[in-house]
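Here's the structure, in structure tokens; my notes come after.
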Amino acid sequence: MKALELLAPARTINIGFAAIDCGADAVYIAGPAFGARQAAGNSVEDIAQLCEYAHRFGARIYATVNTLLNPEEIPQARELVKALEQAGVDALIVQDPAVLSMSDTLIMHASTQCALRTPEKARGLESLGFGRLVLERELSLDQIRAIRDAVNTEIEFFVHGALCVCYSGQCYLSEHLTGRSANRGACAQPCRSLYDLEDASGKVLVRNKALLSLKDYQLIHRLEELADAGVCSFKIEGRLKGETYVRNVVKAYSEALDALVARYPDRYRRSSFGHSRGGFVPDLDKTFNRGYTELFLDGQRGQWSSMDAPKSMGEYAGTVARLTPDGLVLQPAREGLQLANGDGFAFVNKDGSIIGFRADVCDGFRIRCRRPDELKEGVKLYRNISAAFERQVEAGKPVREIDVRLELTLKEGQLLACAVSEDGRKVQAQLPAPADTARDPERMLQTIREQLGKRSGLYAFQAPSVQVEGAVPFLPTSALNGLRRDLAAQLDQISVNALPLYRGVRNPETSFRLEYASNGELMRSKYCIRHELGLCPKQGKVKKAEPLFLRNGKERLQLTFHCDVCEMTVR
């Protein structure tokens with residue numbers, strides 16, 4: 001049976017706790033250094049706490065040590081790896097092969113920064129000893145299958161979140177423009193900046209658009225196909241995102257994976273234990289997104305760009321019907337739309353910039369606010385913050401529970417309880433026979449089932465029946481509750497029967513080497529501006545004077561189109 005893992009991001013330990021509670025099977029988090037998001041570092045002590053909590057459910061913690069290292073940083077990185085190992089992390093996510101030799105016991109996962117998109121490279125990475133390969137996002141299902149068939153390692157694939165426009169690990173644009181290296185965790189996100197598109201003569205074809213900005217990924221309806229193609233870990237992007245975002249997305253995808261497992265109970269199972277119950281109803285349109293795309297999953301190009309909205313626009317709310325002295329009146333986009341005090345709105349002004357504002361008071365569709373000067377009648381408004389949904393997420397936090405089945409026997413007045421957790425742990429406890437016999441045996445048996453079938457700690461006990469041999473004794477509620485707590489305490493003393501991760505095997509004769517030379521390219525991408533704008537010769541359009549250029553102030557970047565492999569490079 002194949003174990004499916006939902007892998008969630010955590011900027012902080014508290015977000016990690018939230019991800020586990022909402023149904024994540026694993027969490028990836030950065031330590032104090034060498035993570036590909038410099039603004040998302042955590043202490044080793046915090047990571048140790050997160051490991052302890054996650055491991056109670058058989059969930060896993062992966063630490064990101066996925067920047068390229070300078071030679072003088074090797075000793076510090078080695079000390080960090082040792083500390084993370086002692087903290088209890090289950091694997092490291094790695095870009096620099098130097099990290100592979102820093103631990104003989106930790107499992108290593110090849111970061112998406114390794115730019116893996118071919119079976120040949122997959123075999124090369126496997127030969128270095130990686131136990132899991134994190135694939136490029138710009139792959140089709142057929143390409144994923146080909147990589148799966150080429151290796152024995154686990155396969156991880158992104159299913160939700162922001163998209164880099166370039167192949168991961170092969171972007172040097174940020175470093176070129178700002179001196180901040182993406183491979184060192186300091187990307188300045190120039191792909192979200194505004195550019196003009198010029199032809200070879202200097203004619204401006206497109207003005208002031210985020211021409212390199214992509215929509216966000218969303219594959220929640222494609223999980224079954226991905227699992228069939230060989231993916232075992234479904235990864236959510238977002239180590240810079242807040243807790244509401246992580247809770248919402250994790251809960252949505254966890255419920256989708258549960259539904260997949262329920263359809264194929266003999267084929268799939270979740271990789272951790274416990275069930276996330278109760279809480280809010282997730283809605284992926286209610287948290288940060290730039291619109292959604294499935295990118296190249298079907299092997300075909302679509303409209304991938306978010307050039308008009310490189311920031312989160314949220315859900316379309318309607319148009320400005322009229323302006324008022326203290327705000328505006330909205331013409332709603334759909335029936336049933338409800339606004340709330342504190343909602344956030346955004347619109348695109350005439351020069352392409354995104355302007356945002358908060359509603360102070362919403363009275364129906366009359367919005368009182370500090371109105372931006374650029375706001376005009378007829379402008380389309382988007383709600384990028386739903387105050388009511390934020391409150392629902394905060395107030396409706398799910399509870400994660402491990403199911404425990406009780407086998408109860410009353411024999412000669414003595415209550416024997418055998419508890420078996422869903423991961424296979426087994427403990428026993430008993431109550432001695434009291435002197436008194438129950439006046440109402442049926443009522444007493446119901447009380448036993450009710451009191452023992454409650455929650456204690458993180459365990460949800462289930463007591464479906466009681467086997468009775470002899471008279472039914474009178475057992476006080478306090479004694480029954482004490483028995484349940486005793487069983488929970490015993491279970492806590494036994495480690496969860498966690499499923500093992502695949503451990504890679506290094507081929508000592510391998511000649512494979514990871515290369516990160518730019519060869520003059522600032523980025524290479526499956527995304528094509530010419531195709532996105534309807535200028536692709538394969539679309540039957542007239543070829544514009546080439547090369548084409550991106551202009552941002554004084555900076556001029558050349559675009560080259562490699563139609564034989566359907567790729568674009570920036571130089």
Give, for atom [atom1] of [X] and atom [atom2] of [Y], the distance between the pair rounded to the nearest 0.5 Å.
{"X": "C22", "Y": "E243", "atom1": "SG", "atom2": "CD", "answer": "8.0 Å"}
{"X": "S276", "Y": "D258", "atom1": "OG", "atom2": "CG", "answer": "8.5 Å"}
{"X": "S193", "Y": "L550", "atom1": "OG", "atom2": "CG", "answer": "10.5 Å"}
{"X": "I354", "Y": "D308", "atom1": "CD1", "atom2": "CG", "answer": "8.5 Å"}
{"X": "S111", "Y": "L92", "atom1": "OG", "atom2": "CG", "answer": "11.5 Å"}
{"X": "Y195", "Y": "L197", "atom1": "OH", "atom2": "CG", "answer": "12.5 Å"}

Derivation of the salt bridge (charged side-chain N to carboxylate O under 4.0 Å, His left out) call for E294 and R222: CA-CA 9 Å; E294 295 183 350; R222 311 299 297 274; 2.6 Å; yes

Any side-chain heavy atom of [X] sitting closer than 4.5 Å to one from [Y]?
{"X": "V134", "Y": "F157", "value": "no"}
{"X": "R60", "Y": "L501", "value": "yes"}
{"X": "V27", "Y": "I20", "value": "yes"}
{"X": "W304", "Y": "K215", "value": "no"}
{"X": "Y268", "Y": "D266", "value": "no"}
{"X": "L133", "Y": "E156", "value": "no"}
{"X": "L557", "Y": "L522", "value": "yes"}
{"X": "Q218", "Y": "L284", "value": "yes"}

Go through the steps to decide whether K203 and E198 satisfy the test side chain to side chain contact (heavy atoms under 4.5 Å, CB included), and finish with yes or no. CA-CA 5 Å; K203 179 182 177 182; E198 299 178 351; over 6 Å; no

Exceeds 12 heavy-atom contacts within 6.0 angstrom, atom NZ of K82: no

Taking everything shown except R207 itself, do over 12 heavy atoms lie less than 6.0 Å from its CZ? no

Which of L6, L4, L7 passes side-chain contact (heavy atoms from CB on, under 4.5 Å) with S233? It is L7

Please check this pair: side chain of [X] against backbone of [Y], looking for a donor-acceptor N/O pair closer than 3.5 Å.
{"X": "S174", "Y": "R180", "result": "yes"}
{"X": "S140", "Y": "L297", "result": "no"}
{"X": "R270", "Y": "S254", "result": "yes"}
{"X": "D199", "Y": "L548", "result": "no"}
{"X": "K2", "Y": "V231", "result": "yes"}
{"X": "R11", "Y": "A30", "result": "no"}
{"X": "S168", "Y": "A115", "result": "no"}
{"X": "Y253", "Y": "I220", "result": "yes"}
{"X": "T64", "Y": "N66", "result": "no"}
{"X": "R290", "Y": "P310", "result": "yes"}

Taking the six-membered ring of [Y], is the NZ or CZ of [X] close enough (under 6.0 Å from the centre) and on axis enough (within 45°)?
{"X": "R383", "Y": "F345", "result": "no"}
{"X": "R117", "Y": "Y167", "result": "yes"}
{"X": "K235", "Y": "Y28", "result": "yes"}

At their closest point, which heavy atom of [X] faces which heavy atom of [Y], and how far apart are they?
{"X": "T178", "Y": "A188", "answer": "OG1-CB, 3.8 Å"}
{"X": "V44", "Y": "A83", "answer": "CG1-O, 3.7 Å"}
{"X": "A498", "Y": "G58", "answer": "CB-CA, 4.1 Å"}
{"X": "C114", "Y": "K121", "answer": "O-NZ, 2.6 Å"}
{"X": "I147", "Y": "A122", "answer": "CG2-CB, 3.7 Å"}
{"X": "C566", "Y": "R301", "answer": "O-NH2, 2.8 Å"}

Pair [X], [Y]: side-chain N/O donor-acceptor within cut-off below 3.5 Å:
{"X": "D25", "Y": "S272", "answer": "yes"}
{"X": "T105", "Y": "E85", "answer": "yes"}
{"X": "E138", "Y": "Y527", "answer": "no"}
{"X": "T287", "Y": "N248", "answer": "yes"}

Take R551 and E555, measure what salt bridge (charged side-chain N to carboxylate O under 4.0 Å, His left out) needs, and give me the verdict at the end. CA-CA 6 Å; R551 169 77 72 178; E555 193 68 41; over 6 Å; no

Between E136 and K526, does a salt bridge (charged side-chain N to carboxylate O under 4.0 Å, His left out) hold up when you go through it step by step? CA-CA 11 Å; E136 284 276 11; K526 194 70 178 175; over 6 Å; no

Using 4.0 Å as the upper bound for N to carboxylate O, is an ion pair formed by [Y] and [X]?
{"X": "R132", "Y": "E5", "value": "yes"}
{"X": "K350", "Y": "E374", "value": "no"}
{"X": "E126", "Y": "R123", "value": "no"}
{"X": "K251", "Y": "D283", "value": "no"}
{"X": "E237", "Y": "R137", "value": "no"}

Can we call the ring centroids of Y382 and Y316 under 6.0 Å apart? yes

Is the distance between the ring centroids of H160 and F234 under 6.0 Å? no

Check the pair L212 / I529 against side chain to side chain contact (heavy atoms under 4.5 Å, CB included), numbers first and verdict last. CA-CA 8 Å; L212 295 176; I529 288 177; 3.9 Å; yes

Quick one: do I74 and M102 satisfy side chain to side chain contact (heavy atoms under 4.5 Å, CB included)? Show the steps, please. CA-CA 9 Å; I74 296 294; M102 294 181 183; 4.1 Å; yes

CA sep, side-chain torsions, deciding dist, call: I13, I47, side chain to side chain contact (heavy atoms under 4.5 Å, CB included): CA-CA 7 Å; I13 179 177; I47 292 177; over 6 Å; no

Yes or no on side chain to side chain donor-acceptor pair (under 3.5 Å) for R192 and S213, after CA distance, side-chain angles and deciding distance? CA-CA 5 Å; R192 307 298 180 187; S213 179; 2.8 Å; yes

Mind checking whether Y62 and H109 have parallel, tilted or perpendicular rings, split at 30° and 60°? perpendicular

